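What follows is a single structure, written as structure tokens, with notes after it.
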Amino acid sequence: HVRPVESGGGPVQAGGSLRLSCEAPGYYYTMNCMAWFRQIPGQEREGVASINVDSGDTYYTDSAKGRFTISQDNAENMVYLQMNNLKPEDTAMYYCAAAVGECLAIDWASKSPYQSWGQGTQVSVSS
């Protein structure tokens, strides 16, 4: 396939956990940065977490720090987002994105570096 494929979303109660999975594109070996974004209708898509494929270095948005963990399984071309202690404000469509360039602190959370996007998986957190 030519774009990431997300799975693992669904309804969950506040305080619960979900693990999102992203099957990376077939040309994963050319990608150096994988990331998770989320979007609420009517709002901008925001970066949640990213990981450099080679180094494993990670970046997180402030609201995700301490609760979310991004990880990868390079042998399986998979990227994961473990989300714990979920809050209603985490409700959004979550997207996996891939970039040829490395994740950089200056712009990993911007949409512009990413060449490939998945269709998204919905996460709904109820209070």
Side-chain angles (χ1 to χ4, degrees):
H1 52 88
V2 296
R3 56 168 44 183
V5 178
E6 305 95 337
S7 62
V12 64
Q13 289 193 329
S17 298
L18 281 175
R19 188 176 84 152
L20 306 184
S21 298
C22 170
E23 186 176 354
Y27 48 90
Y28 182 58
Y29 67 94
T30 67
M31 294 294 159
N32 289 291
C33 175
M34 299 294 295
W36 287 95
F37 282 70
R38 65 186 180 188
Q39 187 170 23
I40 300 169
Q43 296 190 18
E44 288 290 317
R45 194 170 296 188
E46 66 166 349
V48 176
S50 69
I51 186 166
N52 272 310
V53 173
D54 285 343
S55 68
D57 290 342
T58 58
Y59 298 94
Y60 295 93
T61 191
D62 285 346
S63 63
K65 289 177 182 176
R67 298 189 300 130
F68 295 1
T69 303
I70 188 170
S71 62
Q72 60 185 354
D73 182 340
N74 289 348
E76 299 293 331
N77 289 1
M78 297 292 293
V79 177
Y80 303 99
L81 185 68
Q82 177 67 43
M83 304 187 295
N84 298 327
N85 190 21
L86 282 160
K87 304 175 181 180
E89 52 263 42
D90 294 317
T91 295
M93 185 72 79
Y94 283 71
Y95 297 90
C96 182
V100 174
E102 289 187 355
C103 310
L104 300 174
I106 193 171
D107 67 355
W108 73 266
S110 167
K111 293 182 293 182
S112 58
Y114 301 92
Q115 293 81 33
S116 184
W117 293 84
Q119 299 275 26
T121 184
Q122 178 68 38
V123 171
S124 299
V125 185
S126 59
S127 57

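Please read these numbers as outputs of a predicted model, since none were measured by experiment. What's counted below: heavy atoms across the whole structure, side chains too, no hydrogens, waters or symmetry copies.
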Roughly how far, to the nearest 0.5 Å, is CG of Asp57 from OG of Ser50?
9.5 Å
Under a single-linkage definition using a 4.5 Å side-chain heavy-atom cutoff for Ile, Leu, Val, Met, Phe, Trp and Tyr, are Ile70 and Tyr59 assigned to the same hydrophobic cluster?
no
The reported gap from SG in Cys103 to CD1 in Ile51 (rounded to nearest 0.5 angstrom) is 8.0 Å
Value rounded to 0.5 Å, distance of OH in Tyr60 from NZ in Lys65
10.5 Å
Could you check if a side-chain atom of Ser124 sits within less than 4.5 angstrom of a side-chain atom of Gln122, using non-hydrogen atoms only?
yes
If we ignore hydrogens and angles and just use 3.5 Å, is the side chain of Asp73 paired with the main-chain N or O of Ala75 as donor and acceptor?
yes
For the student: nearest non-hydrogen atoms of Val53 and Asn74, plus distance:
O-ND2, 3.4 Å
Closest non-hydrogen contact found for Val12 with Leu18 is CG1-CD1, 4.0 Å
Between atom CE of Met34 and atom CD of Gln72, what is the distance when rounded to the nearest 0.5 Å?
9.0 Å
Is any side-chain heavy atom of Glu23 closer than 4.5 Å to a side-chain heavy atom of Asn77?
no
Taking the side chain as everything from C-beta on, heavy atoms only, tell me whether Met83 gets closer than 4.5 Å to Leu81.
yes
Test side-chain hydrogen bond (donor to acceptor under 3.5 Å, both in side chains) applied to Glu46 and Lys111, Gln39, Arg38, the passing residue:
Arg38
Residues passing the salt bridge (Lys or Arg N to Asp or Glu O under 4.0 Å) test with Glu102, sequence neighbours excluded, are none
Between Asn32 and Asp54, is there a side-chain heavy-atom distance shorter than 4.5 Å?
yes
Determine the minimum heavy-atom distance between Pro113 and Ser110, stating which atoms define it.
CD-O, 3.0 Å
If you define the side chain from C-beta out and look only at heavy atoms, does anything of Val5 sit under 4.5 Å from Gln119?
no
Got a sec, which pairs hit side-chain hydrogen bond (donor to acceptor under 3.5 Å, both in side chains) with one end in residues 6-19, sequence neighbours left out?
Ser17-Asn84
Side-chain touch Val123/Leu20, heavy atoms, less than 4.5 angstrom:
yes
Search all heavy atoms of Ala99 against all heavy atoms of Tyr114 and return the closest pair with its distance.
CB-CD2, 3.6 Å
Nearest 0.5 angstrom please: Thr69 OG1 to Tyr80 OH, how far?
14.0 Å
Correct closest heavy-atom pair for Ser116 and Pro4 would be OG-CD, 3.0 Å
To check you understand the geometry: which heavy-atom pair defines the closest contact between Phe37 and Trp108, and what is its length?
CZ-O, 3.7 Å
With a 4.0 Å cut-off, would you call Asp90 and Lys87 a salt bridge?
no
Between Trp117 and Tyr95, how do the two ring planes meet: parallel, tilted or perpendicular, split at 30° and 60°?
perpendicular
So how far is it from Thr121 OG1 to Tyr94 OH, rounded to the nearest 0.5 Å?
10.5 Å
Disulfide bond (SG atoms under 2.5 Å apart) contacts in which one or both residues fall within residues 39-96, not counting sequence neighbours
Cys22-Cys96
